[in-house]
Amino acid sequence: MQAGTILLTLALGYLGAGLGKLIHLPVPALLGSGLFIALLAFTPLPLSMPTLMRNIGFTILGCSMGSSITPEMLAKVSQWPLSLLGLALTVTTMMALSTWLLSRYFQQTKNTALLASTPGALSTVVALASEGKGDLSTVVVLQSLRLILVMLSFPIIIQSLGLQGSTYLSSTQQISLPWLTVLALLLTAFALAQTLEQIKLPAAYVLSGLILSGMGHLSGWLEGNLPSSMVNLGFVIIGCTVGSRLKGLQWLELRSLSLAALVSIVLSSLIAALGAGLMATALDLPFGQVWIAYSPGGIEAMAALALALHYDPAYIAAHHLSRIVAITLLMPWIARRLALEGNQLS
């Protein structure tokens with residue numbers, strides 16, 4: 001039954017990718033599959049992307065990202081500390097204003113508004129809500145809508161504004177790796193990710209592929225990219241993963257919170273754009289690249305967009321990972337402080 005559900009979800013994801021290509025969506029394998037599965041999530045169809053499949057998709061994504069890393073990208077690592085400082089200021093502003101907005105105009109408690117406004121670190125946010133530090137169903141709905149809307153809107157906006165990156169594969173990188181090499185790389189990266197998971201490293205499957213593939217290509221051990229069919233499979237898996245998050249959510253709840261989610265996401269994205277614009281100007285970096293790095297989306301979907309839109313994948317992955325680590329460490333303390341303030345007021 002599980003295998004049948006996975007195959008059905010993947011088949012519909014590929015159908016959505018084909019439709020996306022037909023109507024000229026940017027990154028159709030990712031956006032087409034994600035949008036189509038999100039729409040079908042409200043039907044009785046059994047749709048699911050279990051953890052194993054998600055991790056396979058993330059490993060494929062990481063290995064493909066690693067193959068596009070060049071020495072020129074790593075030469076710009078010295079710019080990252082200032083950019084990460086800009087990220088910290090931007091995310092703090094984003095969370096503060098979004099929390100105020102949701103509590104002031106959409107009648108959410110401060111804790112629920114804060115958890116719903118937190119970009120990334122979804123497992124930490126849901127765990128805190130489950131402990132009673134916020135309304136769990138509201139947090140899950142708003143966070144699910146955030147992930148889907150950001151993934152679907154950012155590539156369309158970036159393409160319509162002509163902000164695609166200029167990091168294209170060289171002629172050597174465009175050659176497909178032999179299938180035995182691909183299999184060995186994916187299995188090694190998957191095994192490494194399981195070790196990284198043991199030490200609680202976020203996005204372990206994306207990062208393991210990125211590290212192994214990047215090191216292999218920079219050292220000359222690997223020459224070429226994953227076959228395009230494999231990369232598209234990774235995109236479709238990630239699209240299905242994000243789209244299927246809506247499965248099981250109540251339609252009435254989604255409808256009642258959709259405006260709050262939309263307004264919060266627009267506000268957060270505009271703040272991210274402002275911070276990205278300032279930092280891109282200061283460091284002479286592509287605006288679209290910094291905007292994706294500062295965006296309120298999830299690391300896996302944003303990493304996929306970095307790859308598809310020809311931006312520096314290492315830069316974007318490093319920023320989203322740093323944000324997740326910081327939020328994971330700080331959120332329990334912040335939520336406790338808000339809870340104590342609420343108790344004192346009552």
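Basis for what follows: all heavy atoms, side chains included, without hydrogens, waters or symmetry-related copies.
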If you apply the rule side chain to side chain contact (heavy atoms under 4.5 Å, CB included), what do you find for Leu10 with Met49, and how did you get there? CA-CA 9 Å; Leu10 281 176; Met49 270 292 115; 3.7 Å; yes
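- Between Tyr205 and Phe190, the ring-plane angle classifies as tilted under the 30° and 60° cut-offs.
- Taking every heavy atom of both residues into account, Thr99 and Met95 meet most closely at OG1-O, 2.6 Å.
- Side-chain atoms of Arg323 never come within 3.5 Å of backbone atoms of Val91 as a donor-acceptor pair (strictly under, hydrogens ignored).
- The minimum heavy-atom distance linking Thr59 with Asn55 is given by the pair OG1-O, 2.7 Å.
- Ring orientation note: the planes of Tyr315 and Trp80 are nearly perpendicular, at an angle over 60° on the 30°/60° scale.
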From CA spacing to verdict: side chain to side chain donor-acceptor pair (under 3.5 Å), Arg255, Ser258: CA-CA 5 Å; Arg255 189 174 63 180; Ser258 59; over 6 Å; no
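- A donor-acceptor contact shorter than 3.5 Å is absent between the side chain of Ser213 and the backbone of Leu210.
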Full working for side chain to side chain contact (heavy atoms under 4.5 Å, CB included) between Cys63 and Leu212: CA-CA 7 Å; Cys63 290; Leu212 280 180; 6.0 Å; no
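- Atom CD1 of Ile199 has more than 12 heavy atoms from other residues, nucleotides or ligands within 6.0 Å.
- Counting only distance, with no hydrogens or angles, the side chain of Gln143 and the backbone of Leu115 share a donor-acceptor pair below 3.5 Å.
- Formation of a donor-acceptor pair under 3.5 Å by the Arg54 side chain with backbone atoms of Thr241 is not found in this model.
- Under the 3.5 Å distance criterion, the side-chain polar atoms of Ser117 are matched with a main-chain donor or acceptor of Ala113.
- For the pair Thr112 (side chain) and Thr109 (backbone), a donor-acceptor distance under 3.5 Å is absent.
- Side-chain contact between Pro50 and Ile6 is present, with heavy atoms from C-beta onward closer than 4.5 Å.
- Scanning both residues, Ile37 and Leu47, for their nearest heavy atoms gives O-CD1, 4.1 Å.
- With Trp291 contributing its side chain and Ser269 its backbone, the two residues share a donor-acceptor pair below 3.5 Å.
- Of the inter-residue distances, the one linking His310 atom NE2 with Ile158 atom CD1 reads 12.0 Å to the nearest 0.5 angstrom.
- Taking OG of Ser295 as the reference point, atom CD1 of Ile316 lies at 8.0 Å (rounded to 0.5 Å).
- Nearest approach of Cys240 to Ser33, heavy atoms of both residues: N-OG, 4.1 Å.
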Let me see the working for Leu274 and Thr93 under side chain to side chain contact (heavy atoms under 4.5 Å, CB included), right down to the final yes or no. CA-CA 11 Å; Leu274 176 61; Thr93 305; over 6 Å; no
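- Annotation: side chain of Val290 is not in contact with side chain of His319 (no heavy-atom distance under 4.5 Å).
- For the pair Gln289 (side chain) and Asp312 (backbone), a donor-acceptor distance under 3.5 Å is present.
- Distance alone, capped at 3.5 Å, places no donor-acceptor pair between the Ser103 side chain and the Lys110 backbone.
- Defined by atom type and a distance below 3.5 Å, a donor-acceptor pair is present between the side-chain atoms of Ser98 and Ser264.
- Minimum heavy-atom separation, Lys247 to Ala41: CD-O, 3.2 Å.
- Annotation: the span from Thr138 atom OG1 to Phe106 atom CZ amounts to 13.0 Å, rounded to 0.5 Å.
- Counting heavy atoms from C-beta on, the side chains of Ile69 and Met215 never come closer than 4.5 Å.
- Judged by distance alone, the side chain of His217 and the main-chain N or O of Asn225 form no donor-acceptor pair under 3.5 Å.
- In this structure, Ser83 and Leu283 approach most closely via the heavy-atom pair CB-CD1, 3.9 Å.
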